Amino acid sequence: MSKPPLSILLVEDHLAIARQVLDFLDGLRWQTDHAGTGALAVQLATGNRYDVVLLDLNLSDMDGLQVCRAIKAAAPSNVPILMLTARDAYEDKARGFRDGADDYLTKPFDLREVALRCEALARRQQLHVHQEMRVGPFTLQTRAGRALVGDAPLPLTQTGFKILLLLCREHPHAVSRSALLQQLWGSQPPDSDALKSHIYALRKQLELVGAAGILVTIPQLGYRLSFDAAPPP
């Protein structure tokens with residue numbers, strides 16, 4: 001069975017190197033975005049979901065370590081970061097890991113090794129995500145499709161569980177209505193009343209286990225989880 005394609009953000013301001021890496025990853029049929037500046041990298045990483053960020057440290061507008069810290073602080077998920085750099089001293093590597101890098105590869109590198117490391121990082125991240133997620137009072141056992149609030153089971157429909165999972169993954173950020181529709185139903189979502197009905201049903205289930213007020217509507221945007229809105233059960 002073929003491996004699913006990965007979604008990669010390449011942060012590299014040297015165009016020749018960027019083109020070489022992108023061509024290689026495109027050949028693997030991976031989905032790739034390219035940022036030639038640190039500012040664009042932070043914008044893309046905080047507005048999209050990637051399996052791995054390939055980050056060059058020597059950028060023209062920002063230090064790569066600063067970019068790493070900004071992505072780790074603001075990205076909607078704890079995206080793995082593989083640093084690509086000519087800085088090969090132990091002190092450079094140590095600082096990279098302290099500032100949030102998940103892996104470190106020095107130039108010149110073999111593109112096949114880049115791909116192997118990306119697959120390992122993505123696999124490690126997915127294993128962590130799919131086993132169990134704890135956010136606020138919620139425990140989501142995503143393989144089993146089971147949710148708990150504290151120790152209390154939270155019986156949900158399949159769609160209700162998916163909504164809660166998306167909200168937990170994006171917490172503390174809001175999830176737009178359009179993003180929920182896309183994630184739940186793809187390119188052919190039902191009318192907007194269907195989403196409202198599922199949100200209403202989810203709120204009712206939360207009320208039954210003493211978690212009323214946690215699911216908050218953000219006017220003209222969507223929904224988010226707010227654990228300050230109600231005490232945990």
Side-chain angles (χ1 to χ4, degrees), residues 7 9 42-53 68-81 100 102 122 124-187 189-233:
S7 176
L9 172 61
V42 174
Q43 178 183 341
L44 289 174
T46 55
N48 300 281
R49 186 177 293 277
Y50 297 100
D51 294 307
V52 179
V53 173
C68 181
R69 292 192 298 270
I71 290 175
K72 286 293 186 177
S77 64
N78 186 24
V79 59
I81 294 178
D102 297 274
R124 187 187 312 162
Q125 178 70 3
Q126 288 301 313
L127 179 63
H128 172 73
V129 168
H130 288 301
Q131 285 182 334
E132 187 170 278
M133 176 184 295
R134 295 179 183 270
V135 179
F138 297 115
T139 299
L140 278 74
Q141 300 168 344
T142 54
R143 287 179 183 243
R146 184 168 180 255
L148 304 172
V149 177
D151 295 324
L154 182 60
L156 297 174
T157 64
Q158 184 177 13
T159 301
F161 180 83
K162 288 181 179 179
I163 292 173
L164 183 60
L165 179 60
L166 289 168
L167 291 169
C168 285
R169 283 180 175 171
E170 300 299 332
H171 177 75
H173 305 287
V175 183
S176 68
R177 293 181 180 85
S178 60
L180 283 169
L181 290 169
Q182 174 65 32
Q183 291 292 322
L184 293 171
W185 293 293
S187 60
D191 58 58
S192 60
D193 287 340
L195 178 58
K196 291 179 182 178
S197 296
H198 285 292
I199 292 291
Y200 176 81
L202 177 56
R203 282 194 169 119
K204 287 298 182 183
Q205 288 295 337
L206 292 173
E207 289 175 8
L208 292 177
V209 293
I214 283 179
L215 176 49
V216 177
T217 299
I218 307 300
Q220 299 181 342
L221 177 59
Y223 306 93
R224 67 181 291 266
L225 298 176
S226 175
F227 302 125
D228 295 329

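Values below: every heavy atom of this structure, side chains too, minus hydrogens, waters and symmetry copies. Given the structure is predicted, the values throughout are model-derived calculations rather than measurements.
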State, yes or no, whether a side-chain contact exists between N48 and S7 at a heavy-atom distance under 4.5 Å. no

Heavy-atom closest contact (D51 atom, A122 atom, distance): CB-CB, 4.1 Å

Intermediate values then yes/no, side chain to side chain contact (heavy atoms under 4.5 Å, CB included), M133 and R169: CA-CA 8 Å; M133 176 184 295; R169 283 180 175 171; 3.3 Å; yes

Does the side chain to side chain donor-acceptor pair (under 3.5 Å) test come out yes or no for T159 and T157, once each step is laid out? CA-CA 5 Å; T159 301; T157 64; 5.0 Å; no

Examine distances only and state if a side-chain atom of K204 and a backbone atom of I199 form a donor-acceptor pair shorter than 3.5 Å. no

Rounded to the nearest 0.5 angstrom, the CG-CD distance for L165 and E170 is 10.0 Å

Starting from the C-alpha separation in whole Å, work towards a yes-or-no answer on side chain to side chain contact (heavy atoms under 4.5 Å, CB included) for F138 and L154. CA-CA 9 Å; F138 297 115; L154 182 60; 4.3 Å; yes

D102 side chain near V52 side chain, heavy-atom distance below 4.5 Å: no

What is the distance from atom CG of L221 to atom NE2 of H173, rounded to the nearest 0.5 Å? 12.0 Å

Could you give the distance from SG (C168) to CZ (R134), rounded to the nearest 0.5 Å? 12.0 Å

Check whether R203 reaches the backbone of L215 with its side chain - one donor and one acceptor, N or O, closer than 3.5 Å. yes

When you look at F161 and R146, which way does the side chain to side chain contact (heavy atoms under 4.5 Å, CB included) test go after all the steps? CA-CA 8 Å; F161 180 83; R146 184 168 180 255; 5.6 Å; no

Distance from L164 atom CG to L156 atom CG, nearest 0.5 Å? 6.5 Å

Give the minimum heavy-atom separation between C68 and G100, together with the two atoms involved. SG-C, 3.7 Å

Can you measure from CG (L202) to OH (Y223) and round to the nearest 0.5 angstrom? 10.5 Å

Can you tell me how far the CG atom of L184 sits from the CD atom of Q158, to the nearest 0.5 Å? 10.0 Å

Side chain to side chain contact (heavy atoms under 4.5 Å, CB included) between L140 and V135: does it pass, once the steps are laid out? CA-CA 8 Å; L140 278 74; V135 179; over 6 Å; no

Within the side chain of R224, is there an N or O that forms a donor-acceptor pair under 3.5 Å with the backbone of P172? yes

